[in-house]
Amino acid sequence: MNRFKEHISRQLAKATSLPNADFMNTLVIPPKDDWGDYGWPCFSLAKTMRMAPPKIASELSQKITSDDYIENVSSEGPYINFTLRKNVVIDDVCRKIFAEAENYGSSDLGNGRRVILEYSSPNIAKPMSIGHLRATILGAALKRIYEYLGYDVVSINHLGDWGTQFGKLVLAYRKWADPEAMKIDPIKELFRIYVQLHEEAEQDKTLEDEARTIFRKLEQGDPEIKKIWNDFIDLSWKEFDRIYAILGVKFDSVAGESFYQDKIDDIVKLLEDKKLSTESQGALIVPLDDYKLEPLLLKKKDGSTLYATRDLAAAVYRHDEYDFDKMIYVVGVAQSLHFKQFFKVLELAGFDWVKNCQHVDFGWVKLGSEMMSTRKGNIVFVQDVLDSSIDKASRIMAESKFELENAEEISSQVGIGAIIFANLSVKRQTDVSFDWEKILDFNGYSGPYLQYAHARLCSVLRKHKGEPHVEADYGLLDLPEEYKLARMLLDYPEKVADAAAHNEPYIISAYLLELVGLFSTYYQKYKSARDKILSDDDKLRAAKVNLTYCIKTVVGSGLSLLGLKAPEKM
RNA sequence: GCCCCCGUAGCUCAGUAGGAUAGAGCGUCGGUUUCCUAAACCGCAGGCCACAGGUUCGAAUCCUGUCGGGGGUACCA
């Protein structure tokens with residue numbers, strides 16, 4: 001992937017006479033820049049060579065000579081360090097980026113293999129929570145990353161549109177819904193009565209039974225209940241459509257839980273035939289004691305289904321329908337046990353493709369130190385978050401010295417960018433506290449920081465006038481930051497692949513922050529007529545402009561993978 | 001009770017298929033705009049990587065235990 005690393009690995013293989021050893025993945029980055037670009041620790045050879053690591057490093061460094069790529073080989077204690085020819089690296093990476101432009105970093109790694117990505121999956125008749133927002137942003141980023149790597153991605157929104165919660169909602173709706181409030185803001189009114197139901201159910205346990213009865217009737221097709229349910233779905237879509245449009249998220253399929261209703265019997269029967277299910281306390285379960293797991297519940301004692309049943313039916317259906325190579329569920333960490341149980345049952349049922357299914361979990365979004373809970377009513381509304389952020393961006397923009405004709409569009413891009421980036425800048429398993437001040441802080445390492453740097457890159461290129469052309473004397477670029485920037489650009493394809501391998505878009509986020517931070521330093525450090533990017537030396541200027549163009553290209557590519565717009569002015 | 005995750009700077013987080021001196025941002029303090037966008041940049045300060053053992057050439061990273069926090073654990077999703 002990185003021809004310089006490949007080259008060094010080959011040299012090491014030759015020098016050690018170990019053609020099959022994996023040097024590629026054991027190369028490290030020396031802690032000091034002037035020690036070299038890559039280093040290799042020699043400890044692993046100490047036993048077989050019966051020699052002290054520093055001695056090995058020293059001998060190997062003399063065996064490997066400089067060549068077209070390698071400028072110098074040295075040893076530093078037990079490490080053998082390689083310094084690359086700087087002009088070759090810069091020349092190489094710039095030409096590659098010019099050739100591939102906005103496709104730099106993409107590949108055919110996936111080779112058309114099909115990946116199913118399930119994400120977002122909000123609940124009908126409830127306001128979309130920040131947790132669902134995180135799932136949506138994360139899933140959408142993964143979809144773009146996998147596609148960039150040549151996978152055939154099918155994104156599925158597994159809508160929470162079925163289950164006992166609808167019994168509760170219909171019950172609460174009949175009891176307390178205010179028709180006026182339902183006209184003004186139906187989702188908030190439904191949310192209000194849903195919370196009320198949970199509060200009253202604490203005192204009055206019969207409410208839960210009533211709710212279960214209503215859901216059972218819904219499952220049996222009661223027309224009146226079904227109509228209310230359908231109305232709820234329509235109301236919800238008005239909100240979802242708006243949010244998805246703002247975020248630029250689309251799905252290939254929106255088969256919700258209810259979609260699998262007529263496919264449940266088959267899977268239940270299959271599990272019965274395979275003698276996997278059994279009756280217990282009136283419910284139908286699959287015992288998993290042998291695997292140290294809690295049993296998976298297929299049916300409640302009243303015969304109605306549970307989400308695990310629907311997940312089983314969904315998985316089988318999707319395999320038949322899409323013949324996937326891999327299926328990824330982007331769902332919160334709270335459901336880890338559920339996925340373990342449900343994957344285990346698929347395995348026991350003989351579906352060996354379950355080994356290609358993966359729960360890609362993510363941490364909680366907490367409100368202060370509290371868990372957000374729709375039932376308890378302590379949640380933050382996605383719409384409010386997006387609106388506040390856009391508003392903040394437009395206030396900052398109003399103070400800008402730039403007069404932008406499309407200021408509204410840009411503040412929207414920046415405000416939304418801040419929210420998206422806040423969700424993608426930490427490892428997905430990390431819990432995050434929702435903090436208004438932080439999420440609306442556009443200073444420091446944030447989405448707007450990246451977008452701002454991109455705008456500045458564009459601004460320089462605009463002032464240069466004339467299109468950058470690949471031919472330039474890159475050897476003229478002799479500032480240390482210029483070489484470091486080129487080195488970082490070289491790493492981009494590897495970072496994209498890593499992000500997919502770990503299902504961690506933050507790998508790209510962290511990379512972009514580092515790249516852009518380095519550029520900002522470079523940009524502000526060199527201001528003299530000769531050293532600045534738009535240098536008064538034409539030849540030097542051509543090379544600097546080209547490097548700038550390459551950085552802009554990579555930043556633009558990374559931002560679009562994450563789902564942020566990259567405005568050219570802001 | 002059992003299972004899973006987490007504990008790194010005042011705060012929020014990186015660094016964990018073991019590698020050379022543990023890094024950012026925010027916050028504090030102090031600098032930088034007749035100069036390619038100051039939503040920026042530079043500098044100062046800030047650490048017993050929860051604690052105790054172990055594994056080995058080497059541990060923030062792997063193992064065991066303790067303490068602390070969170071989540072899950074049969075008719076919610």
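Numbers restart at 1 for each chain; the letters A, B, ... are given by sequence-line order, proteins then strands.
Within 6.0 Å of CD in A:Gln335 there are more than 12 heavy atoms belonging to other residues, nucleotides or ligands.
Across all strands, A:Lys525 comes closer than 4.0 Å to no nucleic acid atom at all (heavy-atom distances). Counting any heavy atom pair closer than 4.0 Å across all strands shown, A:Ser425 reaches no nucleic acid atom. Residue-level contact check: A:Pro30 touches the bases, meaning some heavy atom is under 4.0 Å from a base atom. Nucleic acid contact for A:Tyr526: base, since at least one base atom lies under 4.0 Å from a heavy atom of the residue. Residue-level contact check: A:Glu504 touches neither bases nor backbone, having no heavy atom under 4.0 Å from any strand. Note on A:Lys32: a base of the nucleic acid sits closer than 4.0 angstrom, heavy atoms only. Residue contacts shown for A:Lys532 include a base, since a base heavy atom lies under 4.0 Å away. At a threshold of 4.0 angstrom between heavy atoms, the contacts of A:Arg216 with the nucleic acid are absent. Among the heavy atoms of the strands, none lies under 4.0 Å from A:Lys168. Contacts of A:Ala334 with the nucleic acid, taken as non-hydrogen atoms under 4.0 Å apart, involve only primed sugar atoms and P, OP1 or OP2. Nucleic acid contact class of A:Val333 (heavy atoms, under 4.0 Å, all strands): none. Among the heavy atoms of the strands lying under 4.0 Å from A:Thr521 are primed sugar atoms or P, OP1, OP2 only; no base atom is included. Nucleic acid contact for A:Leu337: sugar-phosphate only, since backbone atoms but no base atoms lie under 4.0 Å from a heavy atom of the residue. Residue contacts for A:Gly163: at a heavy-atom cut-off of 4.0 Å it reaches the sugar-phosphate backbone alone, with no base atom in range.
With distances taken from any side-chain atom of A:Gln165 to the nucleotides B:C36, B:A77, B:A39, the minimum falls on B:A77. The A:Val460 side chain lies nearest to B:U37 when the options are B:C4, B:A39, B:U37. You'll find that the side chain of A:Thr164 is closest to B:C76, out of B:A38, B:C76, B:A74. The A:Asn81 side chain lies nearest to B:A20 when the options are B:U37, B:A20, B:A74. The side chain of A:Arg462 lies closest to B:U37 when the candidates are B:A39, B:U37, B:C26. Here the nucleotide nearest the side chain of A:Tyr449, chosen from B:A74, B:C41, B:A77, is B:C41. The side chain of A:Trp35 has B:A20 as its nearest neighbour among B:A77, B:C13, B:A20. Across B:A39, B:A14, B:C36, the shortest atom-to-atom separation from the side chain of A:Ile533 is found for B:C36. Closest to the A:Tyr445 side chain, of the nucleotides B:G25, B:A38, B:A20, is B:G25. Considering only the side chain of A:Tyr523, B:U37 comes nearest among B:C42, B:U37, B:U12.
Rounded to a whole Å, the CD atom of A:Glu76 is 11 Å from the P atom of B:U21. The distance from atom CD of A:Glu118 to atom P of B:A77 is 14 Å, rounded to the nearest whole Å. Put simply, CD on A:Gln524 is 18 Å from P on B:G31, counting in whole angstrom units. When the C1' atom of B:C36 is taken as reference, atom NZ of A:Lys544 falls 12 Å away, rounded to whole Å. The distance between atom CD of A:Glu437 and atom C1' of B:G25, rounded to the nearest whole Å, is 15 Å. Atom CD1 in A:Ile29 sits roughly 15 Å away from atom C1' in B:G23 (whole-Å rounding). We find that CZ of A:Arg428 is positioned 20 Å from P of B:G71, with the value rounded to whole Å. For A:Phe442 and B:A40, the CZ to P distance is 12 Å, given to the nearest whole Å.
With the nearest nucleotide of RNA chain B identified for both A:Asp441 and A:Glu568, A:Asp441 has the one nearer the 5' end.
Side-chain N/O atoms of A:Asn443 include none lying less than 4.0 angstrom from OP1 or OP2 on B:C26. Residue A:Ser280 places no side-chain N or O under 4.0 Å from the OP1 or OP2 atom of B:A74. Within the 4.0 Å cut-off from OP1 or OP2 of B:A39, not a single side-chain nitrogen or oxygen of A:Arg456 is found. An OP1 or OP2 oxygen of B:C76 is reached within less than 4.0 angstrom by a side-chain nitrogen or oxygen of A:Arg212. Checking the phosphate oxygens (OP1, OP2) of B:A77, a side-chain nitrogen or oxygen of A:Arg310 falls inside 4.0 Å. Contact annotation: A:Lys299 side-chain N/O to B:A74 OP1/OP2 distance is not under 4.0 Å. The side chain of A:Thr430 places no N or O atom within less than 4.0 Å of a non-bridging phosphate oxygen (OP1 or OP2) of B:U12.
Not less than 6.0 angstrom separates the ring centroid of A:His158 from the ring centroid of A:Tyr119. Aromatic pair A:Tyr449/A:Phe421: ring centres not closer than 6.0 Å.
Of the inter-residue distances, the one linking A:Trp229 atom CH2 with A:Phe215 atom CZ reads 10.0 Å to the nearest 0.5 angstrom.
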Item to check | Chi angles and distances behind the salt bridge (charged side-chain N to carboxylate O under 4.0 Å, His left out) call for A:Asp531, A:Lys525 | outcome: CA-CA 9 Å; A:Asp531 285 343; A:Lys525 185 168 168 185; over 6 Å; no
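For B:U32, the base has no donor-acceptor partner in the side chain of A:Lys527 [N/O atoms by modelled type, under 3.5 angstrom]. Applying the 3.5 Å distance criterion, the base of B:A39 shares no donor-acceptor pair with the side chain of A:Tyr452.
Across every strand in view, B:A17 sits unpaired, with no contact that passes the Watson-Crick or G-U test at under 3.5 angstrom. Across all strands shown, the partner of B:G30 is B:C42, judged by Watson-Crick or G-U wobble contacts whose two distances both fall under 3.5 Å. The pairing partner recorded for B:G1 is B:U73, the criterion being a Watson-Crick or G-U wobble arrangement whose two distances lie under 3.5 angstrom. Across every strand in view, B:G53 sits in a pair with B:C63 that passes the Watson-Crick or G-U test at under 3.5 angstrom. In this structure, B:A9 forms no base pair with any nucleotide, since neither Watson-Crick nor G-U wobble geometry is met with both distances under 3.5 Å.
The shortest distance between side-chain heavy atoms of A:Lys544 and A:Tyr522 falls below 4.5 Å.
Here the side chain of A:Asp431 pairs a donor or acceptor atom with the backbone of A:Trp364 at under 3.5 angstrom.
B:A77 and B:G72 have their P atoms separated by 15 Å, with the value rounded to a whole Å. As rounded to the nearest Å, B:U8 and B:C62 have P atoms that lie 15 Å from one another.
Side-chain contact, A:Arg212 with A:Ser304: no donor N or O sits under 3.5 Å from an acceptor N or O. Side chain to side chain, A:Lys168 and A:Tyr194 fail the donor-acceptor criterion of an N or O pair below 3.5 Å.
The cationic atom of A:Lys47 (NZ for Lys, CZ for Arg) does not lie both less than 6.0 Å from the six-membered ring centre of A:Phe43 and within 45° of the ring axis.
By the criterion of a centre-to-centre distance under 5.5 Å and near-parallel planes under 30°, the ring of A:Phe43 forms a stack with the base of B:C57.
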